[in-house]
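Order of the sequence lines sets the chain letters (A, B, ...), proteins ahead of strands, with each chain counted from 1.
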Amino acid sequence: MGTPSATVPAAPDVRRGRRRPGEAAIKVLLAVAAVVSIATTTGIIASLAVPTVEFFEEVSIGEFLTSAKWTPLFADKNYGILPLLIATLIVTAISVVIAIPIGLGSALYLSEYASARMRKLLKPILEILAGIPTVVYGFFALLFLNPILRSLWPGGEKPDFQNMLIAGIVMGIMVVPTVASLAEDAMSAVPGALREGAYALSSTKMQVATRVVFPAALSGIVAAVVLGVSRALGETMIATIAGGLRVADIVVNPTQMASTMTAYIAGAGQGDLPVDSLEYLTIFAVGSTLFVFTFILNAISIRLVRKFREVYE
Amino acid sequence: MIKSGRVRLLVAAAAVVTAAALTACSSDNNGSNAGSGNKELAGDILVDGSSTVGPLTKAAASLYAEEQPKVNATVGISGTGGGFKKFCNGEIDISDASRPIKDEEKTACTGKSISYTELIVANDALTVAVNKDVDFTDCLTVAQLKKIWEPGSKVNNWNQVDAKFPSKPLKLFGAGTDSGTFDYFTEVINGKAKASRTDYSPSEDDNILVQGVAGTSGAMGYFGFTYFEENTEKLKALQVDGGAGCVGPSIETAQNNTYKPLSRPLFIYISKAASGKEHVRDFVDFYIENIDEVVKAAKFVPLTAAQKTTLKSEFEAFKA
């Protein structure tokens, strides 16, 4: 089988073949397509950086990072990012707590336990969930889930009309398909021989799933989780609608409302801010902070993916 | 953002259709001063001033753009004071103002020999609305509102507002911090624009405020009167005692200026030099002629018939 028979003509060297102008044109088009994303990223960084530098000419980085009040749009102005930062971290943390178990659980089920027919039914439904616009999730959280949460709340002070808890929960639900779909791909890509080898050593299905498939797919799973966290961190409409726009003080109680960084940007951007005022520049300072966060997160994810990668022949 | 973009697109589309229909109908109108007929004008109109009046002039400008697409009106929002500063320096054609011109601003205008006219284009009224379960009071004084809303206020229960009120948590909703409504409310209640307690629930979306007040026990919020008017079955409006007894918000009390201090007239100022330019004069004529639609689009309280007559005659006299 391995050696080709003598009657088969040698494959022509594609690279030395006659020139085809169509191919050259396509190469250029493809290169342009690749450059567009680089150019966009550069453009975004530049358009964030210039106003951010202008902002920090007027506000010290020390105040920005340490002040516990963010009130650039009030008469008494303070420029501390902490209230927005803490709200962002709380909402993201809640969404991760929801998204990881549900996302990885459904990935494990789809990849290891579900029958072929069940998978055929479930995967498209999961992907429909990923296609729902986030503004719909936002109003779903605000007008449907939050009233239920408030009516079921056991005693004490009920959650606010808008609050970080409901925003985080719904953001978690929004992220589930991303995590589940990517993690399931990673698990399905684990070679069947590995599973069969484990069964041959009398492993149970559970052991195969958790001790063989899961570690083997860890690189892809980590990538799925980090992508999910990034999406939650950058999510805007749910945070704006369900989490609220209260920006001024640090709020740690998730049943109260507080504005994430993205919600502040959206809220301030909707209003009547005069362009080039310091108030307007705050939008870019917050945007840059958010950018730094997602950048760090992506760097970590690349590290982790490399670290956990397992290569199978 | 996506949502509002689409809505705007729809509104714009509707405006195009309406404008087309209107021009079709009004071609054989007597059209005394409704724009300069079919003549195409071109040029820039520079407007600046109050962030409250800004949306009104913007609404007029976008309607006008359907008729005269080559006239480009730019509406800035530097605030009433900022607008007058530029206006009396001859930098802009029209100044949007949420209060009459002050004496020192008049002096500045006189110094640059800029003569102008003042036109009232709409009535503004804010409503202090509460949840329907706030049944123990119908009226608050301005001092009580200030006690609730002033910077650093720790009032979070109705019994702190008035000892006679029962103990009930007071949850606060209000305008977003960069809206004209926020500036206006803080100015007349707390004495300084943008001076406010910071721990309330702000939203730029008045519908969310309506939902929040309607859905939260003991809640209070403030927003433009027209939003209350559309939701009277969900909310209760408080009367406000500005020193002359309790008055509730309504179109009448806003128009006759008895709902104080939360109602006020809104102005535009036009300089003599600007009204000498044909395209600016035509725009103001259009603004005045279509004032009902403009006011409705920007969600303010309409002018009374008498106010409209005054508006018309004053500009007629000024441009003559």
Side chains of [X] and [Y]: is there a donor and an acceptor less than 3.5 Å apart?
X: Ser167(B); Y: Asn157(B); answer: yes
X: Tyr287(B); Y: Thr57(B); answer: yes
X: Thr74(B); Y: Asp44(B); answer: no
X: Asp96(B); Y: Ser50(B); answer: no

Taking the six-membered ring for Trp, are the ring centroids of [X] and [Y] within less than 6.0 Å of each other?
X: Phe64(A); Y: Phe56(A); value: yes
X: Phe182(B); Y: Phe74(A); value: yes
X: Phe173(B); Y: Phe223(B); value: no

Per-residue contact mode, [X] against chain A (heavy atom under 4.5 angstrom):
X: Tyr200(B); answer: both
X: Pro202(B); answer: both
X: Ala193(B); answer: backbone

ask   = Could you name the residues of residues 161-168 of chain A that have a heavy atom within less than 4.5 Å of a heavy atom in chain B?
value = Phe161(A), Gln162(A)
request  = Just give me the residue among Ala75(A), Pro147(A), Ala248(A), Ala258(A) that pairs up with chain B most often, heavy atom to heavy atom, under 4.5 Å.
outcome  = Ala75(A)
request  = Side chain from CB out, backbone as N, CA, C, O: work out which of these in Gln256(A) comes under 4.5 Å of a heavy atom of chain B, or both, or neither.
outcome  = neither
Engaged part of Lys69(A) at the chain B interface, taking heavy atoms whose separation is under 4.5 Å = side chain
request  = May I have the step-by-step check of side-chain contact (heavy atoms from CB on, under 4.5 Å) for Met237(A) and Met174(A), ending in yes or no?
outcome  = CA-CA 12 Å; Met237(A) 286 318 291; Met174(A) 178 205 78; over 6 Å; no
note = From the list Asp183(B), Asp124(B), Thr52(B), Thr80(B), side chain to side chain donor-acceptor pair (under 3.5 Å) with Ser98(B) holds only for Thr80(B)
